[in-house]
There are 2 protein chains.
Amino acid sequence: MKQAKATAHTRLIKILKQNSLNITESRKKILQLFLEQDGALAHGDIEKRAGEKFDRVTVYRTLQTFVNKGIVHIIPTADNAIRYALCKDDCSEVGHDDHHIHFVCDNCHTTYCLDDIVTPDIRLPKGYSGRHVEMVVEGICKNCK
Amino acid sequence: MKQAKATAHTRLIKILKQNSLNITESRKKILQLFLEQDGALAHGDIEKRAGEKFDRVTVYRTLQTFVNKGIVHIIPTADNAIRYALCKDDCSEVGHDDHHIHFVCDNCHTTYCLDDIVTPDIRLPKGYSGRHVEMVVEGICKNCK
DNA sequence: ACAAAAAAAGCAACATTGTTGCAAAAGAAA
DNA sequence: TTTCTTTTGCAACAATGTTGCTTTTTTTGT
Ligand SMILES: [Mn+2]
Ligand SMILES: [Mn+2]
Ligand SMILES: [Zn+2]
Ligand SMILES: [Zn+2]
């Protein structure tokens, strides 16, 4: 128990250090939320679950920092409620390199990173050049079927 | 000149009638914005371009009505600025049926419906079932290359 | 372990965006 | 034109996001 906790804590520190981020309470807490979470988190979720302890502004700034560092990525949705999820690909300060697709459940609204499913290549019309592809599938998830 | 204007006006009326919507000034004006526009419109754009004449709330409600009727569809983006574009597929009150992909220019931020490019089929993990696929490509558009 | 320097957090004030209820106005129907 | 129905505008509010500045925390160097 104490060992597991120590290990989890070490992991947080390691990730923050790797990204040249100072170790602070809010960064540890918010990063922990992502690590212990299966799906993605909306800003509101994070604010509710970490925000009792931290200022709203701190949550905004921490998420922004994490996105800039390539620790989390943004999942665009049609409901004006951006979700964030841990990056599992080769993302860094230089740029994101997430190529997986996302799944949003119509029923429970859980948002999943389907890390094993790669965004397909698209042939664009003449004159357009693509840099990044975002793909979100809506439907019923494994827990709601 | 007068003829062209009359024709455009007729077209507006026709679309609204087809969707069993009453003909009102705000619906005509906002629908017109979409018809004379190449790319998609963010809510803010519409508010700026129609909002001097109409209340903000009316713009929200009109867009909501258009989405419900299948006249326009929502394009999800990562910047908390939902864009709307005319539906060109078989959308109706019953449901949307848009299968094309979207393109957002990194430079000019114009959002295009690439109506001819169909969203690819995706093989989902066991237990997941897809209903709809959203695909947005980011890059440089034909006007900015 | 301590002091100095740097970075982050908290706070307050503000801006933008989105929602709701209700009265007034506009549109459709007769 | 009159009546009925729908839509709009308005006001008030809620939620979300941003900025400047002060205080606190964290790091660094001794
Ligand atoms: Mn993801
Ligand atoms: Mn489209
Ligand atoms: Zn589900
Ligand atoms: Zn462009």
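Residue numbers begin at 1 in each chain, while the letters A, B, ... track the order of the sequences. The structure displayed is predicted, hence computed values, not measured ones.
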For the residue pair [X] and [Y], what are the closest heavy atoms and their distance?
X: B:L124; Y: B:G130; answer: CD1-N, 3.4 Å
X: B:R49; Y: B:K29; answer: O-CE, 3.9 Å
X: A:H109; Y: A:V104; answer: O-CG1, 4.4 Å
X: B:H99; Y: B:D97; answer: NE2-OD1, 2.7 Å

Can you give one letter per nucleotide of nucleotides 22-29 of chain C, going 5' to 3': B for a protein heavy atom under 4.0 Å from the base, S for sugar-phosphate only, - for none? -----SS-
Backbone N/O of A:G39 and side chain of A:T110: donor-acceptor pair under 3.5 Å: no
Just by modelled atom types, is the B:F54 backbone N or O under 3.5 Å from a matching donor or acceptor in the B:T58 side chain? no
Sequence neighbours excluded and cut-off under 3.5 Å, please list the side-chain donor-acceptor pairs for residues 133-145 of chain A, or say none.
{"from": "A:E134", "atom 1": "OE2", "to": "A:H132", "atom 2": "NE2", "distance (Å)": "3.1"}
{"from": "A:E138", "atom 1": "OE1", "to": "B:R131", "atom 2": "NH2", "distance (Å)": "2.8"}
{"from": "A:K142", "atom 1": "NZ", "to": "B:Y128", "atom 2": "OH", "distance (Å)": "3.2"}
{"from": "A:N143", "atom 1": "ND2", "to": "A:Y112", "atom 2": "OH", "distance (Å)": "3.4"}

Could you state the [atom1]-[atom2] distance from [X] to [N], rounded to the nearest angstrom?
X: A:L12; N: D:dT26; atom1: CG; atom2: C1'; result: 17 Å
X: A:I30; N: C:dA8; atom1: CD1; atom2: P; result: 13 Å
X: A:N19; N: C:dA7; atom1: CG; atom2: P; result: 17 Å
X: B:L31; N: D:dT7; atom1: CG; atom2: C1'; result: 16 Å
X: A:D55; N: D:dC21; atom1: CG; atom2: P; result: 18 Å
X: B:F54; N: D:dC10; atom1: CZ; atom2: P; result: 12 Å
X: B:Q64; N: D:dT8; atom1: CD; atom2: P; result: 13 Å
X: B:I46; N: C:dG18; atom1: CD1; atom2: P; result: 11 Å

In a table with atom names and distances, give each donor-acceptor pair under 3.5 Å that connects a side chain of residues 65-76 of chain B to protein atoms at least two apart or in another chain.
{"from": "B:T65", "atom 1": "OG1", "to": "B:R61", "atom 2": "O", "distance (Å)": "2.8"}
{"from": "B:K69", "atom 1": "NZ", "to": "B:N19", "atom 2": "O", "distance (Å)": "3.1"}
{"from": "B:K69", "atom 1": "NZ", "to": "B:E93", "atom 2": "OE1", "distance (Å)": "3.3"}
{"from": "B:K69", "atom 1": "NZ", "to": "B:E93", "atom 2": "OE2", "distance (Å)": "3.1"}
{"from": "B:H73", "atom 1": "ND1", "to": "B:A85", "atom 2": "O", "distance (Å)": "3.2"}
{"from": "B:H73", "atom 1": "NE2", "to": "B:H100", "atom 2": "NE2", "distance (Å)": "3.3"}
{"from": "B:H73", "atom 1": "NE2", "to": "B:H102", "atom 2": "NE2", "distance (Å)": "3.1"}

Can you sort out the partners of B:H96 under ring-ring contact (aromatic ring centres under 6.0 Å, His included), two or more places apart, ordered by chain and number? none
Just the dot-bracket of DNA chain D, please: which string comes out with Watson-Crick or G-U pairs under 3.5 Å, [ ] for crossing, | for another strand? ||||||||||||||||||||||||||||||
So do the side chains of A:I13 and A:K17 get within less than 4.5 Å of each other, counting heavy atoms only? yes
Any donor-acceptor pair under 3.5 Å linking the side-chain atoms of B:N22 with those of B:T24? no
All N/O contacts under 3.5 Å from nucleotides 14-17 of chain D to the protein, with atom names and distances to one decimal?
{"from": "D:dG17", "atom 1": "OP1", "to": "B:N80", "atom 2": "ND2", "distance (Å)": "2.5"}
{"from": "D:dG17", "atom 1": "OP2", "to": "A:Y60", "atom 2": "OH", "distance (Å)": "2.8"}
{"from": "D:dG17", "atom 1": "O5'", "to": "A:Y60", "atom 2": "OH", "distance (Å)": "3.4"}
{"from": "D:dG17", "atom 1": "N7", "to": "A:R56", "atom 2": "NH2", "distance (Å)": "2.8"}
{"from": "D:dG17", "atom 1": "O6", "to": "A:R56", "atom 2": "NH2", "distance (Å)": "3.2"}

